[in-house]
Number of protein chains: 2
Amino acid sequence: MSAQANSYFATYEVKVVIVEDYKLTRVGLRYALNQIENINVVAEAESAEEGIEIIKKEHPDVVLMDLGLPNMNGLEATIKIKEVSPDTQVVILTSHDREEEVLASLGSGATAYCLKDIDPKALSDVIKCAAKGACWIDPTVAKLALKLFPKPENAEFLSKGANPDPKGHLTEREQEVLRLLVQGRSNTEIAKELIVSVHTAKAHVCSILQKLCVDDRVQAAVKAIKEGLVKA
Amino acid sequence: MSAQANSYFATYEVKVVIVEDYKLTRVGLRYALNQIENINVVAEAESAEEGIEIIKKEHPDVVLMDLGLPNMNGLEATIKIKEVSPDTQVVILTSHDREEEVLASLGSGATAYCLKDIDPKALSDVIKCAAKGACWIDPTVAKLALKLFPKPENAEFLSKGANPDPKGHLTEREQEVLRLLVQGRSNTEIAKELIVSVHTAKAHVCSILQKLCVDDRVQAAVKAIKEGLVKA
DNA sequence: GTTAAATTTACCCTTTCGGGTAATGCCCGA
DNA sequence: TCGGGCATTACCCGAAAGGGTAAATTTAAC
């Protein structure tokens with residue numbers, strides 16, 4: 001895939017492969033997309049297996065992927081595609097708007113998620129920016145995906161200036177302990193890791209629990225992840 | 001904000017407010033964007049505080065937000081904006097590509113994240129689709145955001161057909177227990193919740209630990225979240 | 001140089017956890 | 001009809017967790 005700085009929408013010829021089981025949709029897509037400048041649909045597949053074979057050979061810039069395929073579905077296919085052709089960008093094109101499918105798609109390696117009511121011109125734009133690796137999520141499901149990002153109430157860089165940590169926040173040592181706690185370490189293990197006594201580790205954990213307003217270390221770990229207190 | 005079905009890029013007049021402390025960038029942006037059809041920059045602000053006041057009154061469709069502002073920064077401003085004007089979409093426009101800032105921005109309520117090397121035409125397209133609520137993330141940082149989505153190895157809908165759960169997966173009851181476990185409930189509490197004895201709850205937790213190949217409930221909770229085994 | 005906060009250690013105690021083993025009843029598929 | 005998987009209950013036991021309180025030490029700030 002060629003690269004071109006400072007352009008978010010690909011301006012070179014984008015190689016596209018369509019994976020879609022309904023022939024009518026498939027040929028319609030191909031026709032519509034080939035009308036667009038700089039988009040070149042080089043192949044179609046009516047099953048995930050066939051699509052993967054094609055992609056192995058063609059290494060297209062973008063794959064238009066349907067979710068509801070027979071046998072192997074679009075998610076498994078997406079995972080497979082990112083294995084055999086990591087630089088190929090997968091654009092999900094589906095009529096499903098269920099949260100699980102949106103999240104699972106993006107988790108499987110797709111870079112864009114479109115609903116089928118998209119108009120061809122917009123789809124072509126999405127394909128062009130997906131070719132550059134941009135992430136694009138349909139308006140009707142964007143909220144579902146975005147709410148997965150933790151609200152950074154405690155992010156230290158929120159206010160970068162002279163902000164003396166408005167109390168209630170974890171000390172460096174406590175953050176260190178929290179990190180280990182999230183890994184599932186016991187107090188004993190934490191103590192060994194930090195080369196302190198178990199008493200110390202316990203003391204830190206206790207103050208962490210208090211500061212996070214939780215009752216036990218499980219809740220602390222969950223809260224830490226959800227609020228992004230520890231780097232994943 | 002008016003709505004128009006089947007169009008991903010807004011085709012109506014999009015009201016835009018720019019929040020950016022550098023005057024040069026600000027006026028440059030305004031000039032460039034006002035060249036674009038259907039985009040109308042109605043106001044500029046050079047600080048977050050000023051921007052919020054303007055947005056309270058104007059309720060624009062889109063806010064172009066710089067991250068590095070004096071005093072209150074762009075993240076805090078974004079949170080505030082989504083409070084006072086929930087339908088206003090925030091587009092982050094920054095030169096920072098640090099992972100924390102990307103994630104924190106999206107977690108704060110922004111719907112799009114652009115780097116400043118974007119060309120004006122592309123930016124206008126992003127603004128137009130952001131106005132409809134779409135999520136757009138710059139190619140250079142999209143990977144950072146996308147890797148946050150859990151890979152759905154265990155998602156039951158991966159193969160929807162006659163797939164008899166290839167063993168090693170949690171039973172319904174165990175998933176129920178796992179859900180409570182993630183909430184930080186003790187075995188006793190889980191037992192009460194499910195109206196069973198503590199022994200039963202313990203048995204379920206034990207088999208969960210074994211099936212997830214972890215040593216304790218903290219690791220189980222973390223794994224459950226990271227792999228999307230429990231609905232957030 | 002005094003104060004404040006963070007880090008460290010220690011003791012007490014009760015509750016919970018996790019492992020192991022095993023028995024019972026239930027339902028479904030072979 | 002006979003398993004096999006699942007849910008349920010039960011027991012024992014050692015280890016760990018969590019709460020409370022207290023104090024010594026370092027570090028940082030003022």
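Since this is a predicted model, take the numbers as computed values, not measurements. Every chain is numbered from 1, with letters handed out A, B, ... down the list of sequences.
Per the geometry, NZ belonging to B:K202 stands 12 Å off C1' belonging to C:dT21, to the nearest Å. The CG atom of B:L181 sits 8 Å away from the P atom of C:dG18 (whole-angstrom rounding). Between A:Q210 atom CD and D:dT21 atom P the separation is 10 Å, expressed in whole Å. Rounding to whole angstrom units, CD1 of residue A:I190 and C1' of C:dT9 are separated by 17 Å. At whole-Å resolution of the value, CG in B:L212 and P in C:dG18 are 12 Å apart. Taking atom NZ of B:K211 as the reference point, atom C1' of C:dG19 lies 17 Å away to the nearest angstrom.
Side chain to side chain, A:H204 and A:E174 fail the donor-acceptor criterion of an N or O pair below 3.5 Å. Counted by atom type alone, B:S105 and B:S108 present zero donor-acceptor pairs between their side chains at under 3.5 Å.
In the set C:dG18, D:dG18, C:dT9, the nucleotide with an atom closest to the side chain of A:L209 is D:dG18. Considering only the side chain of A:D216, D:dG18 comes nearest among C:dT7, D:dT8, D:dG18. Looking at the side chain of B:H199, the nearest of the listed nucleotides C:dT9, D:dC11, D:dG18 is D:dC11. Between D:dA17, D:dT8, C:dT7, one nucleotide has an atom nearer to the side chain of A:R217 than all others, and that is D:dA17. The side chain of B:H204 has D:dA7 as its nearest neighbour among D:dT9, C:dC11, D:dA7.
The phosphate of C:dT9 has OP1 or OP2 within less than 4.0 Å of a side-chain N or O from A:S197. Of the side-chain N and O atoms in A:T200, one or more sit less than 4.0 angstrom from OP1 or OP2 of C:dT9. Under 4.0 angstrom from either OP1 or OP2 of C:dT16 there lies no side-chain N or O belonging to B:N187.
Salt bridge A:E193/A:R179: absent, no basic N to carboxylate O contact under 4.0 Å. A salt bridge between B:R26 and B:E44 is present, with a side-chain N of the basic residue lying under 4.0 Å from a carboxylate O of the acidic one.
Contacts of B:S186 with the nucleic acid, taken as non-hydrogen atoms under 4.0 Å apart, involve only primed sugar atoms and P, OP1 or OP2. The residue A:T171 sits close only to the backbone: its heavy atoms come under 4.0 Å of sugar-phosphate atoms, none of a base.
Checking B:C206 against B:A203, the closest nucleotide of DNA chain C that is more toward the 5' end is the one next to B:C206.
Formation of a donor-acceptor pair under 3.5 Å by the B:K82 side chain with backbone atoms of B:T88 is found in this model.
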